[in-house]
Engineer: 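One structure is given below, represented as structure tokens, and several questions about it will come after.
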Amino acid sequence: MTPLPEIKVYPKRPPLEARPLERRVGLIILATDHTSEPDFRRMVASDKIGVYVARIPYANPTTPENLRKMQPALTAGAALILPDEPLDALCYSCTSASVVIGDAEIEAAIQAAKPGVPVVTPPMAGVRGLRALGANRISILTPYTVETSRPMAAYFAEQGFDIASFTCLGFEDDREMARIAPAALVDLAREATDTSADALFVSCTALRGALAVTGMEKAIGRPVVTSNQATAWNCLRLCGDDTAHPESGRLMTLPLGQ
């Protein structure tokens, strides 16, 4: 055996930058999620913005009861993302659970581990996006059952939107929701959008809706906001990135606003 070389310690430490990347976005996703990571990798991550992911336990079917069970895991999930280091934004990537648990409760659970971090949820980002687009009367499309869709309708009504129509697809398993082809979503958007609606909101982080936004907007002739598109937009703007990305829909060309 060849003798091992002497290992020397370099006498001076190289200078350290403040951060490996300028901005940090945390992402808490379901254990079963196929879609949020690819969407954030494509729409948010860059040589200046890092996306750091934690998965938390979740079991189908997608019912209000099962969605609510994720709440206790949110603090632990947030704590696992770059422990003891600040984030510029932290997104909990589940639209239906955010509605059932409540934005304020989610924010409190996450900030228990990451004090002061700006928290983003898909319905919260959806509301901000629809308002940025000037939409008041909306149509909503979800992949959920009627039982899981009802809290969604109530959420947007409570935020002051006039709901012209609400269509759900009756799916109970988020893994199957992720298998709906983007092209099929374009056809579904056309069928689900009321002629009087200012915009369409497509709910669910499992859906590959962000890939179909421009096709849906062309099909219905009005803006489309999807869960992952809205959270990506919200997180980018919180990171100070105001770059327009029209390839991801009209929303991605707008500032965050108030």
Engineer: Would you say R237's side chain and D241's backbone share a donor-acceptor pair under 3.5 angstrom?
Structural biologist: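 Checked: pair present.
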Engineer: T35 vs L207, test: side-chain contact (heavy atoms from CB on, under 4.5 Å). Steps then yes/no.
Structural biologist: CA-CA 7 Å; T35 309; L207 289 180; over 6 Å; no
Engineer: How close do Q229 and G249 get, heavy atom to heavy atom, and via which atoms?
Structural biologist: NE2-CA, 4.0 Å
Engineer: Looking at side-chain heavy atoms only, is the closest gap between M124 and Y92 below 4.5 Å?
Structural biologist: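 No - every pair of side-chain heavy atoms lies 4.5 Å or more apart.
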Engineer: Going by heavy atoms in the side chains, are T75 and I110 under 4.5 Å from each other?
Structural biologist: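 Not touching, per the 4.5 Å side-chain cut-off.
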Engineer: Do the charged groups of R222 and D194 touch, with an N to O distance under 4.0 Å?
Structural biologist: no
Engineer: Could you identify which residues cluster with L211, counting Ile, Leu, Val, Met, Phe, Trp and Tyr as linked when any side-chain heavy atoms lie under 4.5 Å apart, either directly or through a chain of such contacts?
Structural biologist: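 L211 clusters with nothing; isolated.
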Engineer: Looking only at side-chain N and O atoms, does S36 offer a donor or acceptor that is under 3.5 Å from a partner on S93?
Structural biologist: yes
Engineer: Apply the test side-chain contact (heavy atoms from CB on, under 4.5 Å) to residues F171 and T145: give CA-CA distance (whole Å), side-chain angles for both, the deciding distance (0.1 Å), then the verdict.
Structural biologist: CA-CA 6 Å; F171 282 77; T145 62; over 6 Å; no
Engineer: Cut-off 3.5 Å, side chains only: do T62 and T148 have a donor facing an acceptor?
Structural biologist: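 Note: T62 and T148 side chains miss the donor-acceptor criterion.
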Engineer: Under the side-chain contact (heavy atoms from CB on, under 4.5 Å) criterion, do Y144 and S96 qualify, and how do the steps go?
Structural biologist: CA-CA 9 Å; Y144 319 127; S96 51; 3.8 Å; yes
Engineer: Of all the heavy-atom pairs spanning S149 and T142, show the shortest one and how long it is.
Structural biologist: OG-OG1, 2.9 Å
Engineer: Any sub-3.5 Å donor-acceptor pair from E172's side-chain atoms to P61's backbone N or O?
Structural biologist: no
Engineer: How many angstroms lie between atom CG of L27 and atom CD1 of I81, to the nearest 0.5 angstrom?
Structural biologist: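 That separation rounds to 7.0 Å.
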Engineer: Return the set of residues passing ring-ring contact (aromatic ring centres under 6.0 Å, His included) with F201 (not counting sequence neighbours), or none when no residue passes.
Structural biologist: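 Here the qualifying residues are F156.
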Engineer: Are L67 and C94 side-chain neighbours, meaning at least one heavy-atom pair lies under 4.5 Å?
Structural biologist: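 Yes, at least one pair of side-chain atoms sits under 4.5 Å.
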Engineer: Using atom types as modelled and distance alone, determine if a side-chain donor or acceptor of R208 lies under 3.5 Å from a backbone N or O of A178.
Structural biologist: yes
Engineer: Is the closest side-chain donor-acceptor distance between S227 and T205 under 3.5 Å?
Structural biologist: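 Note: S227 and T205 side chains miss the donor-acceptor criterion.
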Engineer: At what distance, to the nearest 0.5 angstrom, does CG of L254 lie from CZ of R131?
Structural biologist: 15.0 Å
Engineer: Closer than 4.0 angstrom, basic N to acidic O: yes or no for R23 and D88?
Structural biologist: yes
Engineer: Report yes if the side chains of V119 and Q111 come closer than 4.5 Å at any heavy-atom pair, otherwise no.
Structural biologist: yes
Engineer: Are the side chains of E191 and T167 in touch, meaning some heavy atoms are under 4.5 Å apart?
Structural biologist: no
Engineer: Please check if any side-chain donor atom of T226 sits under 3.5 Å from a side-chain acceptor atom of N228, or the reverse.
Structural biologist: no
Engineer: Of all heavy-atom pairs between T193 and S165, which one has the smallest distance, and what is that distance?
Structural biologist: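 Minimum heavy-atom separation between T193 and S165: C-OG, 4.4 Å.
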Engineer: Spell out, as yes or no, whether a donor-acceptor pair under 3.5 Å connects the side chain of W233 to the backbone of L251.
Structural biologist: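 Confirmed, W233 side chain pairs with L251 backbone.
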Engineer: Are any non-hydrogen side-chain atoms of V120 and L238 less than 4.5 angstrom apart?
Structural biologist: yes
Engineer: Taking the side chain as every heavy atom from C-beta outward, state whether N66 and N60 have any atom pair closer than 4.5 Å.
Structural biologist: no
Engineer: Can you see whether S98 engages Y155 through a side-chain donor-acceptor pair at a distance of less than 3.5 angstrom?
Structural biologist: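 Absent: no donor and acceptor within the cut-off.
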Engineer: Sequence neighbours excluded and cut-off under 3.5 Å, please list the side-chain donor-acceptor pairs for residues 41-56, or say none.
Structural biologist:
unit_1	atom_1	unit_2	atom_2	d
R42	NH1	D39	OD1	3.1
R42	NH2	D39	OD1	3.0
S46	OG	K48	N	3.1
S46	OG	I49	N	3.1
R55	NH1	L30	O	3.1
R55	NH1	A31	O	3.0
R55	NH1	D33	O	3.1
R55	NH2	D33	O	3.0
R55	NH2	E37	OE1	2.6

Engineer: Tell me, with the steps shown, if T121 and T231 meet side-chain contact (heavy atoms from CB on, under 4.5 Å).
Structural biologist: CA-CA 7 Å; T121 72; T231 54; over 6 Å; no
Engineer: Side-chain donor-acceptor pair under 3.5 Å between N136 and D198, yes or no?
Structural biologist: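 No donor-acceptor contact under 3.5 Å links the two side chains.
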Engineer: Is there a side-chain contact between R68 and P72, using heavy atoms and a 4.5 Å cut-off?
Structural biologist: no
Engineer: Do the side chains of L141 and I163 join up, straight or via other hydrophobic residues, at under 4.5 Å, putting them in one cluster?
Structural biologist: yes
Engineer: For K114 and E85, indicate whether the former's side chain and the latter's backbone hold a donor-acceptor pair under 3.5 Å.
Structural biologist: yes
